[in-house]
Number of protein chains: 2
Amino acid sequence: MKKNVTLKQIAKELGVSVSTVSKSLRDNEEIGLETRQKIQAFAKMYNYKPNSIALNLRNKSTNSIAIILPQIVNHFFTNVVQGIESEANRRNYNVIIAVSNDSFEKEVLNMETLVNGSIDGFILSVAKETMKRGDYHHFNETISQGVPIVMFDREVQEVNCDKVVIDDVQGAKEATQKLLKTGCKRIVFITTEDFVSVGNLRLKGYKEALIESQIEIDDALIIKVKDQFSSDEIEKFIFQELEKLIQIYPDVDGLIGVNEFYTITAANYFKKKGSKIPGEVSIIAFSDGDLPKYSYPSLTAVRQHGREMGEAAAKLLLDKLEGITPEEEYQTIVIETELKERESTK
Amino acid sequence: MKKNVTLKQIAKELGVSVSTVSKSLRDNEEIGLETRQKIQAFAKMYNYKPNSIALNLRNKSTNSIAIILPQIVNHFFTNVVQGIESEANRRNYNVIIAVSNDSFEKEVLNMETLVNGSIDGFILSVAKETMKRGDYHHFNETISQGVPIVMFDREVQEVNCDKVVIDDVQGAKEATQKLLKTGCKRIVFITTEDFVSVGNLRLKGYKEALIESQIEIDDALIIKVKDQFSSDEIEKFIFQELEKLIQIYPDVDGLIGVNEFYTITAANYFKKKGSKIPGEVSIIAFSDGDLPKYSYPSLTAVRQHGREMGEAAAKLLLDKLEGITPEEEYQTIVIETELKERESTK
DNA sequence: TTGTAAGCGTTATCAG
DNA sequence: CTGATAACGCTTACAA
């Protein structure tokens, strides 16, 4: 095991000073061509790589940004990561990812361990638990220490920073309108509990579309799934609720779910019942993932353009880091959704 | 924006030396109780956090490990990450994730940017492109620089390091045996091209099971999907191949796919044809993911115990980092698979 | 009990 | 053209 060579070692071997080596390797004209080339050759031979920790310490900048994701296995987040990476790599930044698992504590921990020098800025989507608690001190502290944050998707109004969000209201509205236009009269909406901003906004869009079409909003058609449910409990709960609903309204003919799991579970309920999709029930999911695509029949989905979001978020962050945008000026960029029509709607 | 306080600043404010501050904050008995407490209080007030970069540089150790994943949106990898995180956090290590996107170049780049001081060791699953090229210099160089690597799932024999693998052969064998036992006579096997070790091993298990049951291996039943296909092309290809196959063998009654996408696509083919699952065709997927679970009917799957793999991998790495295991002693841990029976088999 | 100084690997500044 | 020195923030012998 040969540890990485350092400037010092090279200098000693070659009988020159450390600064000469440093300059030579950065191809500084100050150093005589001959010496420079000799040193460069030697360094290449020994596979010299500058120690990035030392560089970071010296430069007070790491050229790295961190993404903190609530969950890692989420197609939408993945797309966002790809967008961030493409923009960041283009601008010579390194990207590392940490996962909060939707836990407040892990979110705080992750930020604390990274904030002290390891990275220059954060791009994050807020953990559910954090939203529930409403405790945002870690965000504000980070920002006030000069480490900028860009929030995407799940953001909190209480924190003043750059944001990239989806037009959730509009997306849900369009989905609802699509169902209405194809003749649906009684549309079920499956969403999360109220404290999740995204679920709330989507519910708002659903309601707006109904109101604009002069359809009365019926709270019985809105199913709210508890956050702490396991996936088995979610299935059980959704099946139960739909069962009850169908008793009251046998003529349910449309359904929108705020994520792919809720939606596909509901779709499976109707498949089990033998209902025709989209003949008897039309279904739309919010999702960038594979579930709707590989489902049979495949599900129409509201796509969230994760990649674009990521690019926008990275742009905001890097512009701030590089002083292109003034420090105290925050923007919120809204990314439009797209209705990807598949087989589950007419 | 108030930057983080440094020892120096605290020292100046309090009119003591930097080392006094340092010692006090580490609660060193050397320093008088009074001074110590005063300094500690002051530090707390100013929210002092040691600069981790400086610590890393000094200690030549970061207490961080990096995971390099071929893809991020993969339920199996996610489970592995969780396993790694739980073991690493328990032992006070931080985990960061980087993604190679199955690209050789990105894999090399990621390792190079991280290896110079940012992390103490790697846990990784080899990118497909790397396996195809057979170029493993970056692994060997990293190891010879004293940064240990643990490979999981996709490993290469040519590199001498700790490994955690799945018993792919056994998993595929059991899946095949399950189908045989429930009466299947003609089992299709959908796999990757030969250079992907995992696909190959699974194919081997399939063949072994057939041979042991004295069934002749029919290469026509083995579909190999090209790696560079997009997901639409995969669907088209699998549909085509199955169509051809059904012409020759209308009595195909079983199918195993080496990943969830291939399998679910094949399942959709049979659904489209109107075949009963599992009445006419029984299906088994290799997967830890959601697709088989949420499919209708849900698919029986070979589970890979990602979490355990992650824990085992982290244990191997950390034991090496902490000198618990000798440096030049490499182990390969084999994790058993589990057949999760669902609705797609009898 | 407290402080000084060296060192981790690098670069920028200034002097030779 | 080359080299010594200081600095980034921290720890730790060793002095005082």
Side-chain angles (χ1 to χ4, degrees), chain A residues 2-40 42-43 46-63 113-120 145-147, chain B residues 2-40 42-43 46-63 113-120 145-147:
Chain A
K2 44 165 209 277
K3 276 270 174 208
N4 256 333
V5 232
T6 67
L7 290 187
K8 207 193 224 175
Q9 288 162 12
I10 298 183
K12 195 157 82 181
E13 292 282 323
L14 260 46
V16 293
S17 80
V18 175
S19 44
T20 306
V21 178
S22 173
K23 283 172 188 160
S24 298
L25 293 181
R26 332 200 80 234
D27 219 16
N28 189 326
E29 305 278 340
E30 255 181 36
I31 305 297
L33 189 61
E34 212 180 337
T35 336
R36 228 189 304 160
Q37 286 176 340
K38 190 179 66 185
I39 292 177
Q40 285 173 1
F42 191 87
Y46 274 78
N47 192 27
Y48 169 80
K49 300 264 174 55
N51 178 313
S52 49
I53 292 280
L55 284 178
N56 294 344
L57 181 59
R58 178 151 226 293
N59 302 333
K60 308 279 259 142
S61 123
T62 64
N63 265 254
T113 60
L114 290 170
V115 87
N116 296 296
S118 301
I119 52 95
D120 298 342
Q145 275 170 32
V147 178
Chain B
K2 42 165 210 276
K3 276 270 173 207
N4 257 333
V5 231
T6 67
L7 289 187
K8 207 193 221 175
Q9 288 161 12
I10 298 184
K12 196 157 82 182
E13 291 282 324
L14 260 46
V16 294
S17 81
V18 177
S19 53
T20 306
V21 179
S22 172
K23 284 172 187 162
S24 299
L25 294 181
R26 332 198 81 233
D27 220 16
N28 188 325
E29 305 276 341
E30 256 180 35
I31 305 297
L33 188 60
E34 212 182 337
T35 336
R36 227 190 305 160
Q37 286 177 341
K38 190 179 67 187
I39 292 178
Q40 286 173 1
F42 192 86
Y46 275 77
N47 193 26
Y48 169 79
K49 301 263 175 57
N51 177 312
S52 48
I53 293 279
L55 282 178
N56 295 343
L57 181 58
R58 177 151 225 292
N59 301 333
K60 309 280 260 142
S61 125
T62 64
N63 266 254
T113 60
L114 290 171
V115 86
N116 296 296
S118 302
I119 53 96
D120 298 342
Q145 275 169 32
V147 177

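Letters go in sequence order (proteins before strands), and every chain restarts at 1. No hydrogens, no waters, no symmetry mates; every other heavy atom, side chains included, goes into these values.
Counting only heavy atoms from C-beta outward, the side chains of A:D27 and A:Q40 approach each other to under 4.5 Å. For the pair A:N51 and A:T6, the minimum side-chain heavy-atom distance is 4.5 Å or more. Side-chain contact between A:I119 and A:V147 is present, with heavy atoms from C-beta onward closer than 4.5 Å.
Listed nucleotides: D:dG9, C:dG3, C:dG9. Nearest to the side chain of A:N51: C:dG9. The A:T20 side chain lies nearest to D:dT2 when the options are C:dG9, D:dC10, D:dT2.
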Verdict with reasoning, A:L7 to A:L25, per side-chain contact (heavy atoms from CB on, under 4.5 Å): CA-CA 9 Å; A:L7 290 187; A:L25 293 181; 3.8 Å; yes
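Taking side-chain N and O atoms only, A:Y48 has a distance below 4.0 Å to OP1 or OP2 of C:dT10. The side chain of B:K60 contributes an N or O atom lying less than 4.0 Å from OP1 or OP2 of C:dG9.
A:R26 CZ to A:S22 OG: the interatomic distance, rounded to the nearest 0.5 Å, is 6.5 Å.
With rounding to whole Å, A:Q9 atom CD is found 15 Å from C:dG7 atom P. For B:L7 and D:dT12, the CG to P distance is 12 Å, given to the nearest whole Å. Atom CD1 of B:I53 is separated from atom C1' of D:dA7 by 16 Å (rounded to the nearest Å). Per the geometry, NZ belonging to A:K49 stands 13 Å off P belonging to C:dT10, to the nearest Å. When the P atom of D:dG9 is taken as reference, atom CD of A:Q145 falls 14 Å away, rounded to whole Å. Between the CZ atom of A:R36 and the P atom of D:dC1 there is a distance of 8 Å, given to the nearest Å. In this entry the distance linking CG of B:L33 with P of C:dT2 reads 10 Å, nearest Å. Rounded to an integer number of Å, the gap from CG of A:N56 to P of D:dG9 is 13 Å.
Nearest-nucleotide assignment on DNA chain D puts the 5′-proximal partner with A:S19, out of A:R58 and A:S19. In terms of position on DNA chain C, the residue among B:T35 and B:L57 whose nearest nucleotide sits closer to the 5' end is B:T35. Taking the nucleotide of DNA chain D with the nearest heavy atom to each of B:V5 and A:V18, the more 5' of the two is matched to A:V18.
Against DNA chain C, the stretch residues 21-31 of chain B makes heavy-atom approaches under 4.0 Å through B:K23, B:E30, B:I31.
Side chain of A:N59 to main chain of A:S61: no donor-acceptor pair is present (N/O by atom type, distance under 3.5 Å, no hydrogens or angles).
The residue B:L55 sits close only to the backbone: its heavy atoms come under 4.0 Å of sugar-phosphate atoms, none of a base.
Donor-acceptor pairing under 3.5 Å is recorded for the side chains of A:T62 and A:D120.
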